[in-house]
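Just below is one structure, and these are the notes that go with it.
Please read all numbers here as calculations on a predicted model, not as lab measurements.
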Amino acid sequence: MRRRGRGPGRTGDWAPSRTGHAMVERTPLLLLPGLLSDARLWRDQVTGLADVADARVADLTRDDDVGAMADRALAGAPPRFALAALSMGGYVAFEILRRAPARVTRLALFASSAAAASADRAARRRAAMASLRHGRFAGVTTRLLRQLVHADRVATPLGDEVRAMAERVGAEAFLRQQTAILGRPDSRPLLPTIAVRTLVAVGDADALTPLAESRAMFRAIPGASLHVFGRCGHLPAMEAPATTTALLRGWLAEP
């Protein structure tokens with residue numbers, strides 16, 4: 001995680017901010033992106049929650065194991081923080097909960113799953129990795145984009161932004177992330193032990209993590225809430241930024 005600079009997820013040091021003469025206490029918020037995603041994924045939430053949250057986006061591009069991703073994210077995080085994650089980021093969030101449950105004050109899981117990789121999905125991931133090793137990195141193709149965002153958003157500037165984000169992440173990080181995803185453990189046994197305020201959210205047209213998987217997490221986590229985004233695919237933080245920000249604002253305000 002970057003500690004200096006002006007990256008897309010940068011909002012200042014992990015500390016209260018000063019507005020005029022008053023100190024404004026903001027909740028430390030760690031945001032975890034998904035496969036082929038960088039800080040752009042959560043850009044609108046970092047900006048939209050700046051008055052209530054000191055938000056940072058973790059770098060999940062440098063490791064090929066979800067445990068190592070979790071360790072790197074924890075190393076740059078404050079002692080306690082709210083944790084929001086999308087897709088692959090959810091797998092890392094579960095690892096953070098295994099390693100440091102007392103540091104997480106609340107949890108939000110977007111478009112994710114607690115299950116280990118199925119044989120079918122694992123085969124598709126290995127095929128994508130093999131194709132890349134024998135050819136050129138295509139980033140997010142039109143075919144893949146149709147799995148990431150709602151069909152109505154494929155041929156739009158948002159689709160272009162998703163492609164550009166994937167190109168920034170690049171081929172080497174893609175291979176590391178896919179390796180990490182393939183090796184993730186089954187986190188379903190962890191779910192009943194989660195003791196913090198938890199939000200589960202998913203798009204109604206998510207082709208990669210269907211609604212059934214989010215409902216299963218919602219049912220298994222004590223006291224969890226569930227939100228289903230209408231007309232939304234796998235990237236609600238970008239596809240429905242205002243609704244995502246409002247959801248997180250309410251989640252941060254809940255006792």
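Note on residues 86-103: pairs passing salt bridge (Lys or Arg N to Asp or Glu O under 4.0 Å), not counting sequence neighbours, are Asp71-Arg99, Glu95-Arg98, Glu95-Arg99. Among residues at least two apart or in separate chains, salt bridge (Lys or Arg N to Asp or Glu O under 4.0 Å) pairs with a member in residues 233-244 are Arg153-Glu239. Sorted by first and then second residue, the salt bridge (Lys or Arg N to Asp or Glu O under 4.0 Å) pairs involving residues 81-90 (not counting sequence neighbours) form an empty list. Applying the salt bridge (Lys or Arg N to Asp or Glu O under 4.0 Å) test to every pair with at least one member in residues 226-236, sequence neighbours left out, gives these pairs: Asp152-Arg231.
Scored by the side-chain hydrogen bond (donor to acceptor under 3.5 Å, both in side chains) test, Thr61 finds Asp59 as partners (sequence neighbours excluded). Residues that satisfy the ring pair (Phe, Tyr, Trp, His ring centres under 6.0 Å) test with Phe229, not counting sequence neighbours, are His227. Qualifying side chain to side chain contact (heavy atoms under 4.5 Å, CB included) partners for Pro210, counting only residues two or more places apart in sequence or in other chains: Arg121, Glu213. Asp63 meets the side-chain hydrogen bond (donor to acceptor under 3.5 Å, both in side chains) test with Arg72; sequence neighbours excluded. For Arg80, the side chain to side chain contact (heavy atoms under 4.5 Å, CB included) criterion is met by Thr105, not counting sequence neighbours. Scored by the side chain to side chain contact (heavy atoms under 4.5 Å, CB included) test, Thr198 finds Leu107, Ile194, Val196, Val200, Ile221, Ala224 as partners (sequence neighbours excluded). The side chain to side chain contact (heavy atoms under 4.5 Å, CB included) check on Ala205 picks up His150, with sequence neighbours excluded. By the side-chain hydrogen bond (donor to acceptor under 3.5 Å, both in side chains) test, Ser37 pairs with no residue at all, sequence neighbours left out.
Considering every non-hydrogen atom in both Met238 and Val162, the closest pair reads CE-CG2, 3.9 Å. Nearest heavy atom pair, residue Leu109 against residue Gly90, reads CD2-CA, 4.1 Å. The nearest pair of heavy atoms linking Ala111 to Asp206 is CB-OD2, 3.4 Å. The minimum heavy-atom distance between Ala58 and Leu32, with the atom names listed, is CB-CD2, 3.6 Å. Taking every heavy atom of both residues into account, Val46 and Ala55 meet most closely at CG2-CB, 4.1 Å. Nearest heavy atoms, Gly170 versus Leu36: O-CD2, 4.3 Å.
Using a 4.5 Å heavy-atom cutoff, the side chains of Met217 and Arg188 are not in contact. Side-chain contact check for Pro78 versus Asp54: every heavy-atom pair is 4.5 Å or farther apart. No side-chain heavy atom of Ser112 sits under 4.5 Å from any side-chain heavy atom of Thr209. Within the 4.5 Å cutoff, the side chain of Leu208 has heavy atoms near those of the Leu148 side chain.
Side-chain N/O atoms of Thr47 and Asp44 include no donor and acceptor closer than 3.5 Å.
Although no hydrogens or angles enter the test, the distance criterion places a donor-acceptor pair under 3.5 Å between the side chain of Thr156 and the main chain of Leu158. Arg184 places a side-chain N or O within donor-acceptor distance of the main-chain N or O of Ala115, the cut-off being under 3.5 Å. With hydrogens and angles disregarded, no donor-acceptor distance shorter than 3.5 Å links the side chain of Gln45 to the backbone of Leu248.
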Criterion side chain to side chain contact (heavy atoms under 4.5 Å, CB included) on Phe81 and Thr27, from CA distance to verdict: CA-CA 7 Å; Phe81 52 88; Thr27 300; over 6 Å; no

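Salt-bridge formation is detected for the pair Arg249/Asp51: a Lys NZ or Arg NE/NH1/NH2 atom is positioned less than 4.0 Å from an Asp or Glu carboxylate oxygen.
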